[in-house]
K.L.:
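Sharing a structure below in structure tokens format, with a few things to ask.
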Amino acid sequence: MIKVMIAEDNIHISKNCFKFLTNDENIKVVSCTLDGEETLKDYFKLQPDVLLLDLNMPNVDGFEVLDYFKAHDLFKQVPVSIITGDSSKEV
């Protein structure tokens with residue numbers, strides 16, 4: 001079973017990701033968080049196999065979550081897939 005965590009502040013996008021992922025019986029969505037602070041707390045508590053991460057979230061954004069993962073060498077532990085509606089070149 002693949003444990004997936006969704007970090008997305010747009011509830012409609014989060015629900016669509018959840019529906020899409022749970023169509024596969026080998027995937028279990030273990031958490032849907034709305035901001036980066038909640039994401040970091042749940043990440044350590046649930047230890048997902050994959051993190052779907054929005055970059056533009058309130059409080060602690062996805063960039064800050066990535067910075068935290070990089071500073072603590074966590075990329076070796078969990079793959080991160082970026083999801084964002086931001087089409088700017090900086091992203």
K.L.:
Can you say whether the rings of Tyr43 and Phe69 are parallel (under 30°), tilted (30 to 60°) or perpendicular (over 60°)?
P.N.:
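Tilted, since the angle between the ring planes falls between 30° and 60°.
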
K.L.:
Could you tell me whether the side chain of Lys3 and the main chain of Leu46 form a donor-acceptor pair under 3.5 Å?
P.N.:
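Side chain of Lys3 to backbone of Leu46: a pair is present.
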
K.L.:
Could you walk me through whether Leu51 and Thr39 pass the side chain to side chain contact (heavy atoms under 4.5 Å, CB included) check?
P.N.:
CA-CA 9 Å; Leu51 170 61; Thr39 299; 4.2 Å; yes

K.L.:
Grab the two heavy atoms, one from Asn59 and one from Glu64, that are nearest each other, plus how far apart they are.
P.N.:
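That would be O-OE1, 3.8 Å.
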
K.L.:
Between Lys70 and Asp67, does any side-chain N to carboxylate O distance fall below 4.0 Å?
P.N.:
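Salt bridge: no.
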
K.L.:
List the steps, then state whether side chain to side chain contact (heavy atoms under 4.5 Å, CB included) holds for Leu55 with Leu66.
P.N.:
CA-CA 9 Å; Leu55 294 178; Leu66 291 173; 3.9 Å; yes

K.L.:
Nearest 0.5 Å please: distance from the CG atom of Leu52 over to the CD atom of Glu8.
P.N.:
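Answer rounded to 0.5 Å: 9.5 Å.
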
K.L.:
Looking at every heavy atom in both Val4 and Pro48, which two are closest together, and how far apart are they?
P.N.:
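That would be C-CB, 4.4 Å.
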
K.L.:
Test Leu21 against Ile6 for side chain to side chain contact (heavy atoms under 4.5 Å, CB included), laying out the working first.
P.N.:
CA-CA 10 Å; Leu21 292 168; Ile6 301 169; 4.0 Å; yes

K.L.:
Please check if Met5 and Phe44 belong to a single hydrophobic cluster, counting links between Ile, Leu, Val, Met, Phe, Trp and Tyr side chain heavy atoms closer than 4.5 Å.
P.N.:
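Yes, one cluster joins them.
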
K.L.:
Among Ile83, Asp61, Val80, exactly one meets side chain to side chain contact (heavy atoms under 4.5 Å, CB included) together with Leu53. Which residue is that?
P.N.:
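Result for side chain to side chain contact (heavy atoms under 4.5 Å, CB included) with Leu53: Val80.
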
K.L.:
Should Val50 and Val65 be counted in the same cluster of Ile, Leu, Val, Met, Phe, Trp and Tyr side chains packed under 4.5 Å apart?
P.N.:
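No, because Val50 and Val65 fall into different hydrophobic clusters, even though each may have its own neighbours under 4.5 Å.
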
K.L.:
Side-chain heavy atoms under 4.5 angstrom apart, residues restricted to Ile, Leu, Val, Met, Phe, Trp, Tyr: same cluster for Val30 and Ile2?
P.N.:
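No, Val30 and Ile2 fall in different hydrophobic clusters.
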
K.L.:
When rounded to the nearest 0.5 angstrom, what distance separates CG in Asp9 from CG in Asp54?
P.N.:
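Answer rounded to 0.5 Å: 5.0 Å.
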
K.L.:
Treating Ile, Leu, Val, Met, Phe, Trp and Tyr as nodes and any side-chain heavy-atom pair under 4.5 angstrom as an edge, say whether Ile82 and Phe63 lie in one connected cluster.
P.N.:
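Same hydrophobic cluster.
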
K.L.:
Find the distance between CG (Leu34) and CG (Asn10) and round it off to the nearest 0.5 Å.
P.N.:
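Separation between the atoms: 10.0 Å.
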
K.L.:
Please round to the nearest 0.5 Å and tell me the distance separating atom CG of Asn26 and atom CE of Met1.
P.N.:
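Nearest 0.5 Å value for the CG-CE distance: 6.5 Å.
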
